[in-house]
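Throughout, a chain's letter reflects where its sequence line sits, starting with A, and its residues are numbered from 1.
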2 protein chains.
Amino acid sequence: MAHRTISDEEFLDRALDLFRTYGYEGVSLSRLSEATGLEKASLYYRYPGGKEEIVMAVATRVVQGFEQHLFPALKAEGPPRKRVTVVVEQLRDFYCDGSKPCAINMLSIAGGGEDLKTMLRNVTQAWLKAFTEIARESGMSLSLARLRAEEAIVRIEGSLVVARALGDNAPFQRTLKLLPDLLTEA
Amino acid sequence: MAHRTISDEEFLDRALDLFRTYGYEGVSLSRLSEATGLEKASLYYRYPGGKEEIVMAVATRVVQGFEQHLFPALKAEGPPRKRVTVVVEQLRDFYCDGSKPCAINMLSIAGGGEDLKTMLRNVTQAWLKAFTEIARESGMSLSLARLRAEEAIVRIEGSLVVARALGDNAPFQRTLKLLPDLLTEA
DNA sequence: GTAACTATACCGATCGTTCGGTATCTAAAG
DNA sequence: CTTTAGATACCGAACGATCGGTATAGTTAC
């Protein structure tokens, strides 16, 4: 291969940053070009399907992030509560302490294609399932574990929205702090 | 006035429906024109400031909705818990049982002007304050009331996001159901 | 007459997209 | 070792369409 100026991972990371900030319709190819250093024509060399293919690749990377970091950490060894605290730090990192929007929120806005929505639905369900399992593992009934898992994700998503609206990350940080109790306390 | 084909209220309601669904950048003047029956030129007759002025008018209408319906219901007579159940039904109505996104979420996306963000921050703070007051009124300490108010809004916003991602309104409905306990139980 | 709106035409800018061309590298041929 | 061919990766320029916005003349209702 000849002179690849930016790696696929790096490219998708920068693209993700744009899409989670501006949403599907808010990200233009010019902005994408500017952020990645690739000319618009080059974007079509890498992703012949254009913007749709790029956003699908970005969503795929988000899914991979869940599968490679969050889910393994939840299924690791040791006490459930300890594992949750590891996940909390991963979430803090991914959401930059509450200053970066959630990709699931921003990409599920009307405008993207049907494949994208399916992907987001699947990853959200997988997230729900993973949280449910660790809650179960810490001794809860299945029904309670499901409720707690949903509440956890709801509060993560909601606190990100509120933090953005207020211009203050404190709500997100408060939410992270109570996640261990939410998911591992009966 | 002669031949006013659509009232300001009706116009802003339809515009709000567009903005909360597609976000600021996702709403074009053509779409706005199509949804309201007003030609593009007529939009500029009513709102010489263009899209910016329209979205500000929409945001103003959202704020008025809070001031004229939600806040009065919270400050009405009768037991706090009863007032909260009234508010719950207002929220269910405004969010169409969870199928319509929150305007605060969608309009706080990067792209809108600084005035818009200020407006959204103010209305969110007012909402927070109103929930805090009714929680206080039902016997909580100020610090607990504040936490519960924030949790309530966080869970409303978050459940709307999760509901949209899953294509299932149940999370939102579950959140509404526990709002009375959240805001009025010590 | 005037206020509210329509019809149409236009503007420069940007949208997503496409195409022809140009470096840069690898690999086979001489 | 050099030459050549071909694939790879990228770019400049332009496409038609639409964007937000403007201008003007005409129509309708009070």
Are any of the side-chain nitrogens in Asp8(A) or Arg4(A) under 4.0 Å away from the carboxylate oxygens of its partner? yes
Counting only heavy atoms and a strict 4.0 angstrom limit, can you tell me which residues of residues 19-37 of chain B come near DNA chain D? Val27(B), Ser28(B), Leu29(B), Ser30(B)
Return yes when atom CD of Glu34(B) has more than 12 non-hydrogen atoms of other residues, nucleotides or ligands closer than 6.0 Å, and no otherwise. no
Could you state the atom-to-atom distance from CG of Leu43(B) to P of dA4(C) in whole Å? 15 Å
Give the rounded distance in Å between these two atoms: CZ of Arg4(A) and P of dC11(D). 12 Å
Whether Tyr95(A) and Phe172(A) hold their rings parallel, tilted or perpendicular, with breakpoints at 30° and 60°: perpendicular
From the list dT17(C), dC10(D), dG12(D), which nucleotide is the closest neighbour of the side chain of Lys51(A)? dT17(C)
Can you check the Leu38(B) CG to dA4(C) P distance for me, whole Å? 12 Å
Integer-rounded Å distance: dC10(D) P and Ile6(A) CD1: 9 Å
As a test of reading the structure: which of dG16(C), dC5(C), dT18(C) is closest to the side chain of Arg46(B), going by heavy atoms? dC5(C)
Phosphate OP1/OP2 of dA9(D) contacted by Ser42(A) side-chain N/O (<4.0 Å): no
Answer yes or no: does a side-chain N or O of Tyr44(A) lie under 4.0 Å from OP1 or OP2 of dT18(C)? no
As a check of understanding: the bend across the helix from dG1(C)-dC30(D) to dG30(C)-dC1(D), end axes from five pairs, rounded to 10 degrees, works out to 10°
Charged N-O contact under 4.0 Å between Arg83(B) and Glu137(B): yes
Does Ser33(B) reach the main-chain N or O of Leu29(B) with its side chain, forming a donor-acceptor pair under 3.5 Å? no
Does Tyr45(B) place a side-chain N or O at less than 4.0 Å from the phosphate oxygens OP1/OP2 of dC5(C)? no
The criterion is side-chain hydrogen bond (donor to acceptor under 3.5 Å, both in side chains); which residues satisfy it with Arg14(A), sequence neighbours excluded? Glu10(A)
With a 4.0 Å cut-off, would you call Asp13(B) and Arg61(B) a salt bridge? yes
To the nearest Å, give me how far apart CD1 (Ile54(A)) and C1' (dT17(C)) are. 11 Å
Indicate, yes or no, whether a donor-acceptor pair under 3.5 Å links the base of dG21(D) to the side chain of Lys40(B). yes
Would you compute the distance between atom CG of Asp97(B) and atom CZ of Arg92(B) and round it to the nearest 0.5 angstrom? 5.5 Å
Taking everything shown except Arg146(B) itself, do over 12 heavy atoms lie less than 6.0 Å from its CZ? no
